[in-house]
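The chains referred to below are lettered A, B, ... by the order of the sequence lines, with proteins before strands, and numbering in each begins at 1.
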Amino acid sequence: MRQFLARRAVASLVSLAFLVIAVFFLSRLTGDPTDLYLPVDASLEAREQFRQLHGLNDPLIVQFWHYLKDLAVLDFGESIRRARPALDVVLEAFQWTLALALSTMALVTVSAIVMGALAAFHVGGVFDRIATFFSLIGASAPDFWIAIVAIVVFSVQLGWLPTSGTGTPLHWVLPIAVLFIRPFGLILQVVRGSMITALGSAYVKTARAKGVAARPIIFVHALRNAMLPVITVIGDQLAGMLNGVVIVETVFGFPGIGKLMIDSILQRDFSVILASIIVTAMAIFIMNLLIDMAYAVLDPRIRY
Amino acid sequence: MADHLLEVRNLSVTFHTARGPVHAVRDVNWHLDRGEVLAILGESGSGKSVSASAIMDLIDCPPGEITSGRILFDGRDLLTMSREERRHINGKRIAMIFQDPLSHLNPVYTVGWQIEETMVIHGTSRQEARQTTVDLLRKVGIPDPEASVHKYPHQFSGGQRQRLMIAMALALRPDVLIADEPTTALDVTVQAQILALLEELQRETGMGLLIITHDLGVVAEVADRVVVMNAGEIVEAGEASEVYHNPKHPYTRKLIAAAPGQGEMSSGVEEGAPLLSLRNVSKRYGTFEALKGVSFDLMPGETVAVVGESGSGKSTTAKVLLRLEEASGGSAIYKGRDLFTLSPRELYEMRRDIQMVFQDPTQSLNPRMSVYALISEAWVIHPGIVERSRWRARVAELLEQVGLLPEHMYRYPHQFSGGQRQRIAIARALALEPQIIVCDEAVSALDVSIQAQVIALLDRLQDELGISFIFIAHDLPVVRDFADRVIVMQGGRIVEQGDVRQIFEAPREPYTQALLAASLDPDPEIQAERRARRLEAAE
């Protein structure tokens with residue numbers, strides 16, 4: 001187990017290193033921030049001073065070296081735009097995204113599992129139809145469209161919910177609802193398929209022969225066996241959300257990491273770009289570890 | 001009419017499938033009393049398990065439909081009870097165990113929990129159930145019961161898993177135990193132990209035991225009465241020994257005649273230069289030694305049977321020989337060259353000389369390829385054996401040779417029966433005109449009557465084409481009928497090898513003797529004698 005963790009940590013650090021190198025140099029291709037931050041008629045001296053201040057005069061490789069040295073002591077640099085430590089800016093945005101992603105995925109997981117299990121138990125029944133309906137919407141309706149329609153209907157016309165921001169719990173309802181649909185439809189289908197296999201298995205036959213009632217057969221005997229592929233998809237979806245849900249964040253004016261990343265690229269705010277990538281990569285690494293643990297907890301045959 | 005403990009009357013079950021209704025059983029009648037062992041004997045598709053599924057409420061409706069009949073248990077008709085009422089009978093008064101204990105135990109829960117569950121759902125407290133479980137495990141012979149309750153099914157051997165299933169089924173001392181092919185997936189020595197355990201527990205509890213099997217030997221060993229089924233109908237019923245000695249129905253007669261182990265034994269082939277010589281072959285997986293110094297010869301036109309229980313290394317021998325896995329040591333000399341050191345190019349040429357037929361033709365034949373494509377593919381890989389213009393004619397010839405109709409060459413594997421599929425696999429092996437065919441449990445998955453036909457086919461091919469067979473099997477009676485020489489393996493080692501007569505009539509090694517003693521004879525009288533001797537030996 002410990003060996004497994006160590007191997008995974010090393011592998012993740014290696015990929016992180018490649019990522020940092022690639023992003024560092026690629027982001028410089030977007031251009032010189034000086035042009036963006038100083039007025040068009042700024043004097044050459046002012047420009048020179050700005051470059052000096054942000055270390056943009058050094059050769060790229062020297063800049064990279066400085067960046068690595070700072071990174072070694074967990075200094076992620078300053079945001080040019082906000083004149084604050086980049087890490088603070090990133091963590092602030094990330095916590096919003098994390099909260100949004102976790103609450104959405106928690107709701108998705110619980111409802112998709114219950115619904116999918118019931119759909120599998122009566123293929124072609126009521127739950128199965130509802131399941132198919134949601135999967136269809138999730139797969140076919142683009143989320144920016146759903147988001148806009150939801151704002152028009154619930155915020156503008158009915159006036160039940162705020163259009164954007166994060167002030168009250170009510171502000172969370174629409175973003176979560178919009179984000180919910182696609183992973184719900186997807187995970188529902190995975191649960192359904194996996195449960196149909198599990199319910200047709202020999203050990204379910206044994207349970208029926210033992211006289212186990214329908215509900216424990218579904219939720220105790222079959223579900224735990226059916227969870228492995230489901231966990232994989234949940235992890236995949238959650239990783240996607242941790243990277244930021246740019247469209248939903250933008251439409252609802254939600255100050256998350258996705259929006260921050262796009263903004264900082266447009267603003268050539270290099271330290272923020274790098275810091276957000278490192279933070280989300282770490283989060284995804286930790287989440288993947290948790291998922292591997294979940295495998296081992298669910299299935300005693302899996303040991304690392 | 002006196003009431004029986006369990007009685008099936010005029011039961012008919014139909015399954016509605018995409019290809020139309022299938023009448024799984026028609027007008028079936030049988031009964032079981034306390035303290036009695038009834039066997040339902042039949043081949044695959046005979047409907048032998050259907051009445052048991054109906055008793056346990058395991059038939060899904062749809063697609064299944066019980067079109068007529070009654071199932072009386074203690075005088076009450078199970079089929080008119082509510083689902084909830086039947087649930088209270090299942091596991092408590094009528095229990096069932098199945099063929100493959102690994103897949104029938106839930107892999108993600110401890111065995112202790114699963115056995116306790118049977119008791120808990122029928123009203124025992126968790127604590128009491130926990131104590132009883134340990135006692136049950138001890139009773140069915142699971143070592144270290146206190147620790148075993150915390151283990152998972154994959155941590156037990158096949159025989160132990162079936163013991164666990166039995167413990168689970170007997171937890172509430174049911175009146176009836178239904179055992180559906182309880183020993184089919186097990187090694188012979190383990191089979192004997194499990195059957196003995198079932199008998200002992202039955203004697204102790206006085207329950208009625210229903211055994212569903214395809215194996216005449218199992219019937220001979222345990223059954224008081226037997227019901228013979230064919231194509232959904234009961235063709236014959238009666239005392240086990242009466243049915244064996246005086247079968248009335250032609251199907252029963254055919255079944256008894258097809259039972260292996262009754263034919264003339266081979267007197268061996270002439271000594272000469274061996275076609276293939278294995279010397280000191282070993283195979284290691286990490287620290288585990290799967291093969292330890294295996295040496296034997298194969299003569300031209302000879303059948304060498306490799307027998308042993310699971311884990312004995314018999315299949316590994318085949319894999320290493322065909323270089324599907326690399327040997328860790330030793331040599332295999334074929335036509336003066338060591339197969340283990342051939343370069344990939346030489347190996348490719350050698351492949352046409354040594355072909356393989358696998359256990360399960362459903363898996364070894366690509367379901368998306370027609371029979372023609374399956375057989376002619378060999379000539380694509382090894383050009384120059386048959387000219388392209390003659391492919392169709394040659395496939396037709398091969399199909400005729402294995403007893404199939406040439407006009408079926410454009411059909412797909414699923415359109416054939418199990419026995420026919422194995423014939424296709426044999427035709428495919430023959431396409432390359434090999435010197436040696438390795439049969440890895442090639443007839444184990446087939447019904448006895450089909451098994452006899454396939455063996456006869458292999459025999460004929462050997463006479464006509466002079467092919468040598470390496471015949472890997474766990475079923476001793478089949479080996480007795482087909483092999484010239486027998487190699488007995490245990491734990492990766494050859495414990496004994498000799499002519500088939502010597503092995504079967506005068507086995508030297510205790511392990512071979514134990515194997516032979518554990519194998520079941522279809523004759524109930526002979527089996528009763530063997531059992532008496534076994535009991536004597538045990539005391």
- Message: Please rank B:M168, B:E117, B:R86 by heavy-atom pairs under 4.5 Å with chain A and give me the top one.
- Response: B:E117
- State, to 0.1 Å, how close B:L164 and B:I115 come at their nearest heavy-atom pair, and which atoms those are. O-CD1, 4.1 Å
- Query: Is the shortest heavy-atom distance from the side chain of A:H221 to the side chain of A:S201 under 4.5 Å?
  - Reply: no
- Item | Contact origin within B:I94 toward chain A - heavy atom pairs under 4.5 Å | backbone
- Select one option (side chain, backbone, both, neither) describing which atoms of B:H122 are under 4.5 Å from chain A's heavy atoms. side chain
- Query: Has the side chain of A:R301 got a donor or acceptor atom that lies under 3.5 Å from a matching backbone atom of B:P107?
  - Reply: no
- Item | Pick from B:H104, B:M56, B:M96, B:R83 with the largest number of heavy-atom pairs that fall under 4.5 Å of chain A | B:H104
- Task: Ignoring hydrogens and angles, tell me if any N or O in the side chain of A:R129 forms a donor-acceptor pair with the backbone of A:G124 under 3.5 Å.
- Result: yes
- Message: Taking side chain as everything from C-beta outward and backbone as N, CA, C, O, which of these in A:A213 sits under 4.5 Å from a heavy atom of chain B? Side chain, backbone, both or neither.
- Response: both
- What about A:W96 and A:H171, are their ring centers closer than 6.0 Å? no
- Query: Tell me, side chain or backbone of B:H154 under 4.5 Å from chain A's heavy atoms, or both, or neither?
  - Reply: side chain
- In terms of heavy-atom proximity below 4.5 Å to chain A, should B:L105 be classed as side chain, backbone, both, or neither? backbone
- Per-residue contact mode, B:Q114 against chain A (heavy atom under 4.5 angstrom): both
- Using non-hydrogen atoms only, which part of B:D100 is less than 4.5 Å away from chain A: side chain, backbone, both, or neither? neither
- Contacting moiety of A:V220, where chain B heavy atoms sit under 4.5 Å: both
- Message: In this structure, is the centre-to-centre distance between the rings of A:W172 and A:F254 below 6.0 Å?
- Response: yes
- Ionic contact status for B:D74 with B:R93, cut-off 4.0 Å: yes
